[in-house]
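Input: a single structure, listed below in structure tokens.
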Amino acid sequence: MDYDFRKIESKWQSFWAEKGTFKCEADPSKPKFYVLDMFPYPSGAGLHVGHPLGYIASDIFSRYKRLKGFNVLHPMGYDAFGLPAEQYAIQTGQHPEVTTEKNIARYREQMDRIGFSYDWDREVRTCDPAYYKWTQWAFLKMFGSWYDNSVQKARPIEELVAAFETGGSKAVDAACTEHDPFSADDWKAFSEKEKSDMLMNYRIAYQGETAVNWCAGLGTVLANDEVKDGLSVRGGFPVEQKKMKQWQLRVSAYAGRLLDGLEKIDWTDSLKEMQRNWIGKSNGCEVVFKCYNGDQEHDVTIFTTRVDTVFGVTFMVLAPESDLVQVLTTEGQKAEVEEYLALVKKKTERERIAETKTVSGVFSGSYGVNPLTGERVPVWISEYVLAGYGTGAIMAVPAHDSRDYVFAKKFNLPIVPIIEGCDVSEESFDAKEGKMVNSGFLDGLDVKDAIPAAIDYVEKHGLGHRKVNYRLRDAIFSRQRYWGEPFPIYYKDGIPTPVPFEDLPLTLPEIDEFKPTEAGEPPLARAKDWTYNGYPLETSTMPGFAGSSAYYLRYMDPHNGNALVDKDVDAYWRDVDLYIGGTEHATGHLIYSRFWNKFLFDLGYVCEDEPFRKLINQGMIQGRSNFVYRIVGTNTFVSYGLKDGYQTTEIHVDINIVRNDKLDIEAFKAWRPEFADAEFILEDGEYVCGWAVEKMSKSMFNVVNPDNICDDYGADTLRLYEMFLGPLEQSKPWDTKGIDGVNRFLKKFWRLFFDGDELAVTDEKATPEELKVLHKLIGKEEYDIEHFSFNTTVSAFMIALNELGALKCRKREILEPMTVLLSPFAPHIAEELWSLLGHGESISYASFPVFNPALAADDSVKYPVSFNGKMRFTVELPKSMSPAEVEAAVRGMEQTARWVADKTIVKVIVVPGRIVNIVVK
RNA sequence: GCGGGUGUGUUGGAAUUGGUAGACAAGCCAGACUUAGGAUCUGGUGCUUCGGCGUAUGGGUUCGAGUCCCUUCACCCGCACCA
């Protein structure tokens, strides 16, 4: 009987859907396992073969865990709010919901063909009001909370108000936006509006004036991770800095916990490192410099990680955006400073990035006094100091900081080295090593000792204090767009007020056009009656990461109308055991999600403070493009090997008309009218194409659609092949060349069960040799899957099949467990064979075969070896060795024992004539 | 510039963690069966002057190194004036 994958695959896919094979429920009697994929944004282009790579891996793992007796939660959904659908809507007038719906249907169709074991009853869509009700709910919880630094935890805002009433702003140590202190009496005297404004400085979801990435092309602000090289990631429009009032999330309050939490989760080092850099913790010190604008005295606080270099300070620098610039600019320098500020403002973010090597700045006219030396140093203004980090002001030590050095060189400022023997004539000496000189009480100390000594001194003399700074900024949470979650906030007499929980979800209003208004307001301002109880509602919407920050929690309990997730249900599923997705979310979704989860944890809504226990980043699948070479000025194409003899233009050619790099000439002529009468210079009668690895994209004609692979080879082949391609975490080009190999494997496996059209499986007892093949495979598969080495598992199947073929084995005792082993990888064929073997139930309910190491082991006999009469080793030798060979091996071992005499040998494996493996414990 | 990673046949990649390098595939070569083959089956395939030599480069540790340490080179990814 032939292996008819088309029939088999559609048969079992409908069987699983009808029987609800992969439905799961919380069941405290079984151990849980939660396997999650990063849900996709349903784009109009559909899936290409790169997308399912991670999904296949997670599906294999899920099916494996089910066979191992776990209650597996394996859901899928859609990150359905987003810019492309909205852009499309602006161009065509088509409602984003319609486009999104259509794309989702297409994605679902493509995913279904691959045979995933998702519990589709748990599907979520971020754009579904029943879902985003809980996004809005979480936002309101953040609006109604503040962060208490003293207990490192979010608390209800009412508790903050109570503290203000008794002790004013000094009563709490809270994460807050800077503001003037106030007393309890001040607080009581505040108007409603003033109270509201003050609380905004404390709320975890708050409104604040901030410099944002404004993208005029898209008419909206963007998060830092949505901008690359001064251009928007989506669309590639220029992005500029602009000060605007925006909703923000106080992620920075969680910086320390986000950093520490990395210690206890199982992610790759590179990903953790990326997050560490993004959070950017630096231990340092704030020091106050008294500065003088003529006679006027002003305190300027600077942040430094190198207080030890304070004796080398020769000038100070302020960020152009710093409030101190106005205060410290003298009359005489005013014109020059203003000219400089205007210049800085005009520059786009993009230019600032491009010009990091050039140095600019202006003298303020004021002088500061070094609090340790009493020395007078000039105060400069330069854009190399950032307003958003530290205090927006620095002390400059040109001898030991490369940026200060470049600046000092340019403006002829003194450079004073304070580390013994360093040469600063060409560049600064930034290393944290050497002995201090010219540094008063620090002289003679090593740098690593001087740093703490200097901090102690500064603190003791009241000149400053220890300070930890983080690079991580608060997340900007407003987008001036239509296709996102509306904020459940209305403005009552100008005071932002939450829409009550019972009135959620606040659904998106219908509007006729999806563009910003002529007045530059967000699209929601176009809505007819966008009010709540007669008060105007917020018109911006939430960003993409809002809906994806807690979706893994909603999957646990997707239909619950009363809570994001039921407490008992959450207590069962707890966290994601295995999360598979791309590395591109390292500093976006994966930070926000951890923050969001920690917030919900603080309020007691979830029981784990880290959401993703283990995370695997699957590599990208790149495209493999093909080229033809047209001789310049002709319509003649020369084969790859001969092209060097001509002047040619390289042209992308559709990979669907190339096979194994040989061009299908007739198809090529039919491909484009201009190639209809093309001529060819062939080598060995064939046209060989050139190739290159590039991003998979339509414009390079190298997109491979999984549907085509399913048509030609079947889903099981696709699944096996994607795994066989190489290690999961590595990026690799898609190359269809090797696919025949895995397809052949499945055909051979199928044929093993048949003799002609008859099932030929026998009930004979298996031999030790056959059992060895089976158990080697079980051991290998268990080990490999647990280590996410799926490519080697596929190889192991091929080896086992070759060995069984050599043994001519068709025994049920072997083939039945083999089928179960194969089922996570190639579920359709396994299911079909399983049923042909006479089983009524789905193979998904079978058990993973029990591994018996004794059956898998090579036959060997242990021989004792003595050395100097005092030590005994055991040598394991193959049973098949002749007595003479054994004698030789043991004698060889006695000689070898010379160099291992001081170690404890546990086991020595020898192959004829040669010592191979000595295990030392 | 800083941080992380990778480097093995013609190609994708194995090597159970320091123990027979190149498993398993692809490609190629030869043969069988075929009207035909993008079907099936069998055998071969790192280089070699047949002594050996081989895991980017040069050194080191070890009885033993693809694996551990140092040098250099190449490529990939992330961050990029973060004081």
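In the text below, chain A, chain B and the rest are named by the order of the sequence lines, each starting its count at 1.
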message: Under the criterion ring pair (Phe, Tyr, Trp, His ring centres under 6.0 Å), I'd like the reasoning laid out for A:Phe315 against A:Phe407: C-alpha separation, chi angles, the key distance, then a yes or no.
response: CA-CA 10 Å; A:Phe315 58 101; A:Phe407 193 82; 5.6 Å; yes

task: Scan A:Lys748 against the nucleic acid and name what it touches under 4.0 Å (heavy atoms): base, sugar-phosphate only, or nothing.
output: sugar-phosphate

field: A:Lys732 side chain, from C-beta outward: closest of B:rA83, B:rA14, B:rG13
entry: B:rG13

- prompt: So do A:Met395 and A:Val377 actually touch side chain to side chain, heavy atoms under 4.5 Å?
  reply: no

message: At 4.0 Å (heavy atoms only), tell me whether A:Phe724 reaches a base, stays on the sugar-phosphate, or touches nothing.
response: base

message: Please tell me if A:Arg276 has a side-chain N or O lying less than 4.0 Å from either OP1 or OP2 of B:rG3.
response: no

query: Backbone N or O of A:Arg471 within a donor-acceptor pair of the A:Arg473 side chain at under 3.5 Å?
result: yes

- prompt: Across all strands shown, which nucleotide pairs with B:rA30 by Watson-Crick or G-U wobble geometry, both distances under 3.5 Å?
  reply: B:rU42

Position toward the 5' end of RNA chain B (nearest nucleotide), A:Asn802 or A:Gly280: A:Asn802

Whole-Å gap separating P (B:rC81) and NZ (A:Lys409): 24 Å

query: Considering every strand shown, what is the Watson-Crick or G-U wobble mate of B:rG3 when both distances are under 3.5 Å?
result: B:rC77

field: Test item: side-chain donor near acceptor, A:Ser360 and A:Glu383, under 3.5 Å
entry: yes

field: Nearest-angstrom distance from the residue atom NE2 of A:His585 to C1' of B:rC77
entry: 16 Å

message: Using atom C1' in both nucleotides, what's the gap between B:rU67 and B:rU49 to the nearest angstrom?
response: 32 Å

field: Worked check of side chain to side chain donor-acceptor pair (under 3.5 Å) between A:Tyr470 and A:Ser252
entry: CA-CA 8 Å; A:Tyr470 294 97; A:Ser252 61; over 6 Å; no

query: In terms of base orientation, is B:rG7 syn or anti, with the syn window spanning 90° either side of 0?
result: anti

field: B:rA83 phosphate, OP1 or OP2, under 4.0 Å from A:Ser282 side-chain N/O
entry: yes

statement: Whole-Å distance, A:Asp712 CG to B:rA39 P, equals 13 Å

- prompt: Which nucleotide sits closest to the side chain of A:Pro727: B:rA14, B:rC81, B:rA26?
  reply: B:rA14

task: For B:rG58 versus B:rG12, give the span between their C1' atoms, rounded off to a whole number of Å.
output: 29 Å

field: Presence of A:Gln730 side-chain N/O under 4.0 Å of B:rG12 phosphate oxygens OP1/OP2
entry: no

- prompt: Who is the Watson-Crick or G-U wobble partner of B:rA25, with both distances under 3.5 Å?
  reply: B:rU11

- prompt: Taking the same atom, P, in B:rC47 and in B:rU10, what whole-Å distance lies between them?
  reply: 7 Å

Separation between the C1' atoms of B:rA15 and B:rG27, rounded to whole Å: 22 Å

message: More than 12 heavy atoms of other residues, nucleotides or ligands under 6.0 Å from CD of A:Glu786: yes or no?
response: yes

message: Regarding A:Ile799, tell me which of base, sugar-phosphate or nothing describes its non-hydrogen contacts under 4.0 Å with the strands shown.
response: sugar-phosphate

- line: Of B:rU16, B:rG78, B:rG4, the nucleotide closest to the side chain of A:Tyr783 is B:rU16

- prompt: Just to confirm, is there a sub-4.0 Å distance from OP1 or OP2 of B:rA83 to any side-chain nitrogen or oxygen of A:Arg471?
  reply: no

task: Specify the separation, in whole Å, of atom CG of A:Asp404 and atom P of B:rC81.
output: 15 Å

task: Quickly, which of A:Phe745, A:Tyr721, A:Phe825 forms a side chain to side chain contact (heavy atoms under 4.5 Å, CB included) with A:Val794? Name it, please.
output: A:Phe825

Spacing of A:Asp784 atom CG relative to B:rC24 atom P, expressed in whole Å: 15 Å

message: As a test of reading the structure: which of B:rC24, B:rA83, B:rA26 is closest to the side chain of A:Met798, going by heavy atoms?
response: B:rC24

task: Report the glycosidic orientation of B:rG13: syn if within 90° of 0, anti in every other case.
output: anti

query: For the pair made of CZ in A:Arg744 and C1' in B:rG27, what is the distance, rounded to whole Å?
result: 11 Å

query: Will you find, in the side chains of A:Ser282 and A:Tyr389, an N or O donor that is under 3.5 Å from an N or O acceptor?
result: yes

query: Taking for each residue the nucleotide of RNA chain B with the nearest heavy atom, is it A:Lys747 or A:Glu273 whose nucleotide lies nearer the 5' end?
result: A:Glu273

message: Taking B:rC69 as the reference, what is the distance to B:rU61 when you measure between their C1' atoms (whole Å, please)?
response: 7 Å

message: Suppose you measure atom P in B:rU17 against the same atom in B:rC68; what distance do you get, rounded to whole Å?
response: 14 Å

message: Less than 4.0 angstrom between a side-chain N/O of A:Asn791 and OP1 or OP2 of B:rA14, yes or no?
response: yes

- prompt: Counting only Watson-Crick or G-U wobble pairs whose two distances fall under 3.5 Å, which nucleotide matches B:rU20?
  reply: none

- prompt: What integer number of Å spans the C1' atoms of B:rG44 and B:rG59?
  reply: 39 Å

field: Atom-pair distance (CD on A:Glu722; P on B:rG13), nearest Å
entry: 14 Å

- prompt: Does OP1 or OP2 of B:rA39 have a side-chain N or O of A:Arg751 closer than 4.0 Å?
  reply: no

task: Would you please confirm or rule out a distance under 4.0 Å between OP1 or OP2 of B:rA83 and any side-chain N or O of A:Tyr389?
output: yes

- request: Taking atom P in both B:rU20 and B:rU55, compute the distance separating them and give it to the nearest angstrom.
  value: 15 Å

query: Any idea if B:rU72 is syn or anti, going by the 90°-from-0 cut?
result: anti

- prompt: Please give, in whole Å, the distance from B:rG4 P to A:Glu729 CD?
  reply: 18 Å

